[in-house]
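One structure below.
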Amino acid sequence: MLNPVRLLVSSLAQSTRCCSGYVFRMRFLNSLKQDDEACKAALSHSDLMLFHSLKPLLKKNKDRSFSSVRLQYDDVKSLLQKLGTDLSLIQDSVLIGSSERGTALFCLDLASVDAAAIEEVGGAKFVDLRKSFFLLSDSEAPLVAKAQALLRWHLTHTFCSFSGKSTKRNRAGSHRITEGSEVVHYPQMSPVVIALVHDGSRCLLGRQISFPAGLYSALAGFCDMGETVEEAVRREVAEEVGLEVLSITYSGSQHWPFPNSSFMIGCFASVSPAHSELCIDHSELEDARWFDLAQIQTGLQSSATKKGLPVVTWFPPPHAIAHKLIREWVELQTQAPPPH
Ligand SMILES: NC(=O)C1=CN([C@@H]2O[C@H](COP(=O)(O)OP(=O)(O)OC[C@H]3O[C@@H](n4cnc5c(N)ncnc54)[C@H](OP(=O)(O)O)[C@@H]3O)[C@@H](O)[C@H]2O)C=CC1
Ligand SMILES: [Mg+2]
């Protein structure tokens, strides 16, 4: 009998032959989410990203950069065999992507296996997500964050919050169903607005008491139930620094794995320079300040203060949407005005 995943790949390749590889990949992933048998078969020809207690396994490359370790299914099987672990553990893998040739990518948390033993066999280290996120490249960090978010969601949703009955996942791990019912649970994200407030010539950044010394960022806050993005931005800015927002423009979005899964919605928010005096709510922010272009450019060149050295002002690193908003604002300030 033909392997169901090979059948699926060849029929999708036929039906999408006039489309891009991206279209094939999206349809392939969508089919695996819906077809448990094909997904099971895809797993046995897949690559896997390994985690331990939600920490990704990272390796240091020759050029001193870091990347996540991806092992082929058979290598993971041999690794588990070598460590005397139950092979059925691989069935807990969660689908996170695929190549354009139909090799699926899964992630798997091996929390029940000795971390040091895996690290030794794999020649790599399990690294805390916050640290990993900033060690990895711009292209890899979001995928590792997505994998960890899905693994965390499964770990914390083994029971139905309504009936208390246990829940069971589909093969891909894209949802869970309450046992003996039709109730389906999907992974959730919390929408968070993040706004770079500006008054024409300056932009506003704040810091929470929990931030590392010297770090200033754009204002952020969780959306309340029923709020639009615009309402959430207006409310957060009013609550945190006492300013009235005049207009809001959308810039971009980002999945942010901290504290759990936040969906960051990045905006610019303008306020009137005539009404720019801050009234900070110190229960939310330790400090907030207006920065001019020169101060922002200096801050972008600085990084976290080393122990014993004077504190410098610095901004979130490039992966963070706050950084992207600050850079975009600088570009807008330094662009030549359009000809009349
Ligand atoms: N990617 C980036 O560039 C940046 C990302 N961020 C992220 O934005 C997020 C929000 O910013 P922050 O200023 O802390 O938010 P808020 O200003 O909304 O303050 C956080 C408080 O909101 C309450 N809250 C409401 N809904 C939630 C929820 N779903 N989950 C957790 N807390 C909730 C909690 O208060 P209580 O418990 O009292 O109800 C919490 O202490 C942070 O997690 C931060 O990591 C922030 C800056 C930059
Ligand atoms: Mg906030």
Side-chain angles (χ1 to χ4, degrees), residues 54 128-138 140-146 148-149 152-153 156-157 161 186-198 203-243 245 248 250-269 271 278-289 291 296 299-300 302-304 313-330:
L54 301 176
D128 172 74
L129 184 74
R130 202 171 270 276
K131 200 168 168 201
S132 314
F133 197 68
F134 296 108
L135 287 174
L136 292 168
S137 69
D138 243 354
E140 217 187 359
L143 187 63
V144 172
K146 167 184 165 169
Q148 199 251 22
R152 178 197 288 274
W153 181 76
T156 53
H157 288 78
S161 56
Y186 293 99
Q188 286 160 355
M189 301 188 282
S190 302
V192 174
V193 288
I194 177 159
L196 188 63
V197 176
H198 61 93
C203 70
L204 179 70
L205 301 174
R207 53 172 280 110
Q208 294 180 12
I209 196 145
S210 58
F211 283 11
L215 174 65
Y216 277 76
S217 183
L219 305 185
F222 290 92
C223 294
D224 280 350
M225 188 64 84
E227 257 180 348
T228 62
V229 168
E230 292 79 1
E231 285 165 345
V233 170
R234 284 174 64 87
R235 176 184 54 73
E236 279 295 330
V237 174
E239 278 178 11
E240 296 193 350
V241 293
L243 295 179
V245 167
I248 295 162
Y250 172 76
S251 168
S253 64
Q254 153 176 79
H255 170 247
W256 190 245
F258 317 111
N260 288 315
S261 287
S262 300
F263 178 58
M264 308 294 304
I265 305 155
C267 301
F268 291 99
V271 299
L278 305 181
C279 169
I280 302 170
D281 177 350
H282 287 286
S283 66
E284 300 229 15
L285 292 181
E286 184 189 50
D287 187 28
R289 278 189 221 162
F291 291 79
I296 290 286
L300 281 172
S302 313
S303 51
T313 299
W314 58 289
F315 306 139
H319 287 342
I321 193 163
H323 183 101
K324 296 185 170 107
L325 287 169
I326 295 168
R327 282 229 176 262
E328 204 178 321
W329 182 79
V330 169

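The residues of the chain are indexed from 1 along the displayed sequence. These numbers come from a predicted model, not from an experiment. In listed order, ligands and their atoms are each counted from 1.
Residue A218 places no N or O, backbone or side chain, under 3.5 Å from any N or O of ligand 1. Where the criterion is an N or O separation shorter than 3.5 Å, residue side chain and backbone included, V192 fails it with respect to ligand 1. At least one N or O atom of A322 sits closer than 3.5 Å to an N or O atom of ligand 1. For the pair M264 and ligand 1, the shortest N or O to N or O distance does not fall below 3.5 Å.
Residue E236 has at least one heavy-atom neighbour below 4.0 Å for each of these atoms of ligand 1: 17 (O), 18 (O). Applying the 4.0 Å criterion to heavy atoms of I194 picks out, from ligand 1, the atoms 3 (O), 4 (C), 47 (C), 48 (C). Listed by atom number, the atoms of ligand 1 under 4.0 Å from A320 heavy atoms are 2 (C), 3 (O). Shown in contact with Q254 at under 4.0 Å from a heavy atom are these atoms of ligand 1, numbered in order with element: 1 (N). Close contacts between ligand 1 and P259 involve ligand atoms 43 (O) [criterion: under 4.0 Å to a heavy atom]. Remark: ligand 1 atoms within the under-4.0 Å shell around heavy atoms of E284 are 17 (O). Interface atoms of ligand 1 facing Q208, defined by a heavy-atom separation under 4.0 Å, are 12 (P), 13 (O), 14 (O). The distance from ligand 1 to the heavy atoms of G221 drops below 4.0 Å at these ligand atoms: 15 (O), 16 (P), 17 (O), 18 (O).
Taking 2.8 Å as the criterion, A220 counts as a coordinating residue of the Mg ion (ligand 2), since one of its N, O or S atoms falls below it.
In this structure, V197 and V241 have side chains that are not in contact, with every pair of non-hydrogen atoms separated by 4.5 Å or more. Using a 4.5 Å heavy-atom cutoff, the side chains of H255 and M264 are not in contact.
Protein heavy atom nearest atom 17 (O) of ligand 1, with residue, atom name and distance: E240 OE2, 2.9 Å.
Of the protein's heavy atoms, none falls inside 4.0 Å of atom 39 (O) of ligand 1.
Per residue E240, closest N, O or S atom to the Mg ion (ligand 2): atom name OE2.
Of all non-hydrogen atoms in A145 and F133, the two that sit nearest each other are CB-CE1, 3.7 Å.
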